[in-house]
Amino acid sequence: MQQNHDIQPSRLLIMEGMLMSLAFVLPFSEALVSIITVLTFAFSWFVISPKEKYRSFRQNPLPLFPAVIFILYLLWALGAHHPASAIDEIRRNIFWLLIPLAIAYLPLNREQINRILYAFVIGVIISSLVAFVRWQFRESLGIIDVRDATLNPHIAHSLLVNFSLFFLAQQIFHYREDNWNVRQISRVAGVLFLLFFNIWLHSLLGLLTLLATFIALPFFTYKEIPVWLRKYVWSGAVVLIIIPLALIGRELYRQFHTSMPKPNQVTQFTANGNRYQNDFRKSLRENGHFIYLNICLPELQKEWNKHSELKFNEPDANGFPVQSTLIRYLTSRGLTKDSAGVAQLSNDDIRAIREGFANYRYVPERMNLSARIYQTIWELDAFRSNGNPNNKSLVQRWAYTRAALSIIAEYPVFGVGTGNEKAAFHEMLSQQDPKLRPANFSHAHNQYLNFLVTFGIVGFVILMFLLIYPLFRVGKLSVIALFFLLTIAIANMGDDNLQTHTIRTFFVLFYSLLVFGPSLNAKESIGSFVSNNDHQ
């Protein structure tokens with residue numbers, strides 16, 4: 001493709017500012033993202049005329065490949081059984097069309113793309129600080145879980161944080177020979193803050209994606225790694241594998257290292273002489289302590305009602321009976337479920353139980369990454385014990401996966417079509433998981449399965465071709481582009497990220513900039529002009 005020399009610098013500068021604005025607001029507001037995207041799309045036709053864009057397209061159609069995905073949604077809506085849902089799905093996916101058409105064939109240089117990336121990073125840092133502030137005022141905002149403090153869904157936000165963190169780390173490495181000036185110190189501070197924030201957010205998928213991407217990245221950039229550095233890179237990859245395994249192993253040991261005692265090994269009476277209820281058939285535990293041992297309901301009810309206005313038989317803040325929440329909470333503390341156990345609870349413990357926290361480790365002030373891992377382990381153990389999938393994130397995901405696989409088997413070639421996914425999942429989940437409440441019905445938390453459900457094998461192959469084929473044609477990808485692509489590819493195995501407005505826009509925007517833009521691997525002086533049209 002030939003470089004376009006007719007673009008007015010002032011218009012290109014405005015376009016750069018609009019792209020910086022779009023990148024900045026990504027972590028904040030879906031409405032702002034939509035408005036700025038439409039404005040950017042409209043203004044792009046003043047930067048490059050339709051005639052010039054068409055001429056560039058004929059020479060190199062690759063930058064517009066992602067836009068064809070929107071055409072897939074239109075074609076697969078022709079047989080929609082739910083027109084309203086199909087129209088809504090088309091409306092939400094129009095960004096596959098708008099962003100590539102706006103960005104394609106813009107002669108952006110490395111410095112301009114870096115400024116867009118820095119605008120994005122600043123937006124992520126500020127929105128993360130806002131999440132901290134929201135958490136400090138959580139009671140007035142009705143926030144119970146730290147993962148609800150972000151302005152976007154926590155998984156989406158964690159992926160934005162991952163990308164920002166890596167970009168800053170890469171910038172530190174590229175400018176490592178520079179003096180430790182304000183910029184370099186700011187980059188280091190940004191990396192440390194974002195790393196701390198991601199751990200604080202407790203997004204297991206986000207953290208696992210970050211670890212998996214760091215482990216996978218050296219395999220794609222092996223030749224770029226200096227020989228002297230390779231042993232440290234591989235050692236780091238091994239450490240990254242060991243850390244989550246060690247954390248999971250420690251929580252598994254804490255939960256299951258004890259065995260069910262025999263009846264003659266358990267105390268039969270409370271300190272007040274009342275008989276305990278002991279059910280040795282149920283092995284469900286809290287922090288390694290058995291829930292259904294050492295229970296005296298009369299004492300529990302009497303003592304609890306002395307300490308709380310919320311009575312023993314009433315529901316807690318989460319809608320569960322206080323009785324069951326109290327028993328689990330006492331068990332988590334290793335206390336007997338009687339008047340003596342309740343008497344040892346503090347006012348903070350009483351408040352936590354009223355608010356629906358069934359384990360003292362779940363209380364926000366005590367919740368940490370280890371507790372989040374334990375929570376997932378407990379959910380799996382509870383499902384094994386009682387077969388109830390409701391309100392168990394990982395178990396429900398398995399139910400959604402089974403439903404998706406069944407739908408794909410029923411509609412393998414062309415899928416169910418645009419707008420029909422929700423009804424298909426509702427019907428299949430009703431058949432396969434009668435215990436799962438309709439309020440917990442959802443689609444597959446796996447982007448690839450969702451695409452297969454909607455488009456079938458034919459549409460899925462076309463969609464993957466549109467995204468993957470350009471990667472082999474544009475030439476050598478930058479490290480930041482590889483990290484970006486690996487992050488989304490890995491995260492999409494654990495959630496349907498491209499169904500969310502934020503991540504869909506994030507992906508299409510930076511796919512267009514990083515895949516078809518100039519390489520960001522090397523330093524470049526300000527003002528040097530490199531067109532994305534260099535890609536053949």
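What you see is a predicted model, and the numbers here were worked out from it, not measured in a lab.
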Start with the C-alpha gap between F506 and Y511, add the side-chain angles, then the distance that decides, and say whether ring-ring contact (aromatic ring centres under 6.0 Å, His included) holds.
CA-CA 8 Å; F506 166 69; Y511 181 94; over 10 Å; no
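Checked by atom type and distance alone, the side chain of N497 pairs as donor or acceptor with a backbone atom of A491 at under 3.5 Å. Remark: side-chain polar atoms of R147 are not paired, donor with acceptor, to backbone N or O of H202 under 3.5 angstrom. Judged purely by atom type and a 3.5 angstrom limit, Y118 has no side-chain atom pairing as donor or acceptor with the backbone of M20.
Aromatic rings from H157 and F197 are positioned such that their centres are separated by under 6.0 Å.
Other residues, nucleotides and ligands place no more than 12 heavy atoms under 6.0 Å from the CD atom of E139. Atom CZ of F43 sits in a crowded spot, with more than 12 heavy atoms from other residues, nucleotides or ligands closer than 6.0 Å. When the shell of 6.0 Å around OH of Y232 is examined, it contains 12 or fewer heavy atoms from other residues, nucleotides or ligands.
A 4.5 Å side-chain heavy-atom check between F455 and V461 finds every atom pair outside the cut-off. Within the 4.5 Å cutoff, the side chain of P27 has no heavy atoms near those of the L151 side chain. For the pair I503/L498, a side-chain contact is recorded, criterion being any heavy-atom separation below 4.5 Å from C-beta on. Taking the side chain as every heavy atom from C-beta outward, S393 and R397 approach each other to under 4.5 Å.
Remark: the N492 side chain and the N446 side chain contain no N/O donor-acceptor pair separated by less than 3.5 Å. Between the side chains of Q112 and R115, no donor-acceptor pair is found at a separation under 3.5 Å.
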